[in-house]
Amino acid sequence: MCGITGYIGYREAYPIVVKGLQRLEYRGYDSAGIMMYDDGNIRVSKTKGKVSDLEVITNSNEDSKKGNIGIGHTRWATHGVPNDVNSHPHTSMSGNLVIVHNGIIENYDTIKKELVSRGYTFESDTDTEVLVNLIEEVKKQEGCKLGKAVQLALTQVIGAYAIAVFDKTKTNEIVVARLGSPIALGIGKDNKEFFVASDASPFIEYTKEAVYLEDEEMAIIKLGKGIKVRKINDDSLVDTKTQELQMSLEQIEKGGYDHFMLKEIHEQPKAILDTYRGRMLADKGIIRMAGIDDNLKKFTNADRIIIVACGTSWHAGLVAEYLFEDIARIPVEVEYASEFRYRNPIITDKDVVIAISQSGETADTLAAIKLAKSKGAFVFGVCNVVGSSIARETHAGAYTHAGPEIGVASTKAFTTQITVLSLMALKLGKEKGKISTPLFHTYLQTLQLIPNKVEELLKIDDQVKYIASVYKDATNCLYLGRGFNFPVALEGALKLKEISYIHAEGYPAAEMKHGPIALIDENMPIFVIATNKGHYEKVVSNIQEIKSRAGKIIAVVTEGDETVKEIADHVIEIPDTEEAFTPLLTTIPLQLLSYHIAVMLGKNVDQPRNLAKSVTVE
Ligand code: F6R
């Protein structure tokens with residue numbers, strides 16, 4: 001995980017690097033650090049805690065901010081507890097080389113022993129300090145320049161990395177490399193300045209020109225000369241393509257909201273619209289998706305679809321299971337990527353694997369894709385981050401177009417994933433002749449109304465806030481749903497636990513009586529999704545069972561519902577829609593509820609403890 005950033009050029013590097021780190025804090029925020037180079041001096045400032053804690057330190061020493069070259073790091077700890085010493089940047093024993101690293105060096109212990117036998121000593125417990133000293137040792141042994149030393153050192157390394165290395169004896173360059181962790185390079189005018197970052201957000205106000213490194217590539221960034229990219233393993237030069245960034249500054253700022261999560265919840269009407277814009281022509285009864293159109297036979301001839309994902313994206317995958325089986329009549333299996341990759345799954349070239357990921361960088365999902373490809377499956381990606389590793393690794397795909405999601409708890413990523421998956425299910429249902437033309441048209445017309453319905457639904461914020469105030473001190477909560485809304489129950493529970501740290505479980509409503517019902521007493525809030533379609537009567541019976549055990553019921557119902565209103569302690573009404581699309585609506589109040597509870601409990605909503613936005617480690 002972790003975020004890295006760097007600058008080399010003619011501007012003051014400090015504000016660029018620090019602001020960049022703040023934008024990358026979604027990747028980890030256990031500790032933060034920066035190296036500035038100025039007039040022969042390397043100055044490293046680092047601390048446990050957030051970038052704001054780092055600023056307290058640098059503000060007390062103006063010299064620590066000086067210089068036109070800087071590299072920075074915000075950490076999600078893997079090796080070594082988050083403390084000042086383990087924070088990045090790490091410096092080699094001679095003091096000449098400084099590194100920031102995102103990833104894990106798996107064989108660091110073996111390398112460390114070898115370096116210790118050669119007289120190296122270490123201050124931290126990190127794999128990164130081992131790597132920077134390995135580079136130093138190679139440089140010494142080979143008598144080579146930094147770029148070559150980095151390249152040779154990396155051929156000895158097992159693991160994943162995105163690194164930026166600076167050499168005090170070669171002050172017009174920064175060397176970067178990647179394997180398994182992303183690196184974007186920003187190119188300023190006339191090669192007078194360059195930016196390095198885990199994604200492009202730290203440099204969008206300075207340049208729109210970016211180069212994304214691929215796995216096993218490294219770049220030597222030289223002031224006045226430009227960027228030279230080569231393969232780490234065979235030394236061949238890579239012909240890089242510069243991309244024009246589409247991201248804007250407004251998209252990655254809070255825009256008047258207290259938290260990114262709240263902003264992103266409120267962005268959902270537009271995000272859903274952006275997801276189907278240009279793809280769904282409801283009036284003409286057409287769905288156009290290039291990734292499917294170009295590979296139609298793969299989908300229509302598939303024996304089954306296997307969906308691999310993690311966390312919230314896995315929940316979207318579960319919704320897709322209902323969508324694909326119901327609408328397109330294709331058998332679906334939904335797998336945790338982390339399990340799938342290690343259990344020798346049976347996959348054939350008649351399988352289509354769909355990988356769902358907001359970040360497009362999740363290590364387990366990426367590994368699952370590679371495994372599926374090696375077994376001959378056609379792999380399709382549903383990603384939000386354009387140009388991400390998963391987007392590049394899959395045979396074809398569809399972007400969700402949700403825009404940058406900064407809050408660690410996924411919100412708009414989930415609803416836009418469901419939107420893409422709905423379009424896919426409808427398109428395939430039509431192509432396979434499994435859905436009648438009138439029903440297909442009804443679905444398209446209904447889907448088209450969803451953004452307005454979400455907009456309408458967001459107006460219930462005050463009601464949800466009140467409910468949050470009633471249940472904020474609960475220590476355990478249950479979330480129940482059936483059919484399409486069972487995954488929403490799982491997602492509702494995940495949202496609550498990850499940002500408020502209240503224990504919560506999601507269950508299919510009917511499973512409750514096979515165990516969880518024992519937990520119910522007058523202190524237990526139970527959030528039940530009971531929309532008027534699907535298994536409504538069955539869910540009403542489940543609600544009665546809770547009531548007779550004194551549980552507190554908060555029900556999400558379709559507007560105008562009278563039956564549940566009689567029984568439940570609180571009801572939240574959602575607009576009516578087709579059952580298949582109810583998750584796009586029922587999710588919204590549960591997101592708001594988690595948000596308000598976390599705010600009332602004084603939790604850090606956008607950066608919950610122990611989490612990071614993109615999980616690039618196993
Ligand atoms: C929860 C959350 C995580 C992610 C999971 C997968 O709110 O954000 O559970 O969904 O880490 O991440 P992506 O979708 O980036 O692969």
Side-chain angles (χ1 to χ4, degrees), residues 1 3 24-28 76 180-182 198-199 259-262 264-265 268 271 307-320 334-341 353-369 379 381-394 397-418 420-421 479 487-488 490-501 504 506 587 590-595 598 603-618:
M1 228 101 63
L24 294 175
E25 270 191 317
Y26 72 88
R27 303 179 64 85
W76 188 81
S181 302
S198 298
D199 70 35
H259 298 96
F260 281 110
M261 182 180 177
L262 189 61
E264 287 155 10
I265 290 173
Q268 286 175 110
I307 296 178
V308 291
C310 302
T312 291
S313 298
W314 183 76
H315 296 155
L318 288 178
V319 176
V334 188
E335 302 257 6
Y336 283 118
S338 53
E339 288 298 310
F340 178 83
R341 63 181 288 195
V353 171
I354 300 177
I356 308 173
S357 174
Q358 187 286 128
S359 63
E361 300 295 343
T362 301
D364 284 320
T365 310
L366 205 45
I369 291 168
V379 186
V382 175
C383 291
N384 188 34
V385 178
V386 177
S388 57
S389 302
I390 291 177
R392 290 200 304 263
E393 191 63 43
T394 41
Y399 285 117
T400 50
H401 299 308
E405 192 182 65
I406 314 280
V408 163
S410 242
T411 51
K412 62 177 180 171
F414 181 63
T415 43
T416 53
Q417 285 165 349
I418 295 175
V420 163
L421 294 160
Y479 285 72
V488 176
L490 296 179
E491 175 60 9
L494 177 63
K495 274 311 71 107
L496 186 69
K497 59 189 151 194
E498 68 183 335
I499 58 169
S500 70
Y501 319 144
T587 305
L590 301 185
Q591 293 171 343
L592 285 170
L593 188 96
S594 304
Y595 170 77
K603 306 297 183 208
N604 188 336
V605 172
D606 284 333
Q607 295 173 345
R609 70 182 179 204
N610 304 339
L611 288 170
K613 185 72 185 158
S614 95
V615 185
T616 56
V617 292
E618 283 193 44

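Only a predicted model underlies this, so the values are computations on that prediction, with no experimental measurement involved. Both counts, for ligands and for their atoms, begin at 1 and track the order of listing.
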**Student:** Whether the side chain of K603 engages the backbone of S500 through a donor-acceptor N/O pair (distance < 3.5 Å, no angle test) should be reported.
**Tutor:**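 Pair absent, no side-chain N/O of K603 close to backbone of S500.
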
**Student:** For the atom pair CD1 (I369) and CZ (R341), what is the distance rounded to the nearest 0.5 Å?
**Tutor:**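 Rounded to the nearest 0.5 Å, the CD1-CZ separation comes to 11.0 Å.
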
**Student:** So which heavy atom on K497 is nearest to which on A504, and how close?
**Tutor:**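 Minimum heavy-atom separation between K497 and A504: NZ-O, 3.0 Å.
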
**Student:** Regarding S313 and Q417, do their side chains bring together a donor and an acceptor under 3.5 Å, going by distance alone?
**Tutor:**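 On atom types as modelled, these side chains qualify, holding a pair under 3.5 Å.
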
**Student:** Under a strict 4.0 Å criterion on non-hydrogen atoms, which protein residues are in contact with ligand 1?
**Tutor:** C310, G311, T312, S313, S357, Q358, S359, T362, V408, A409, S410, L494, K495, E498, V615

**Student:** Without hydrogens or angle criteria, can the side chains of S389 and E361 be said to hold a donor-acceptor pair below 3.5 Å?
**Tutor:**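 E361 and S389 do have a side-chain donor-acceptor pair below 3.5 Å.
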
**Student:** Return the set of residues passing salt bridge (charged side-chain N to carboxylate O under 4.0 Å, His left out) with R609 (not counting sequence neighbours), or none when no residue passes.
**Tutor:**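 Counting only residues at least two positions away or on another chain, R609 forms no salt bridge (charged side-chain N to carboxylate O under 4.0 Å, His left out).
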
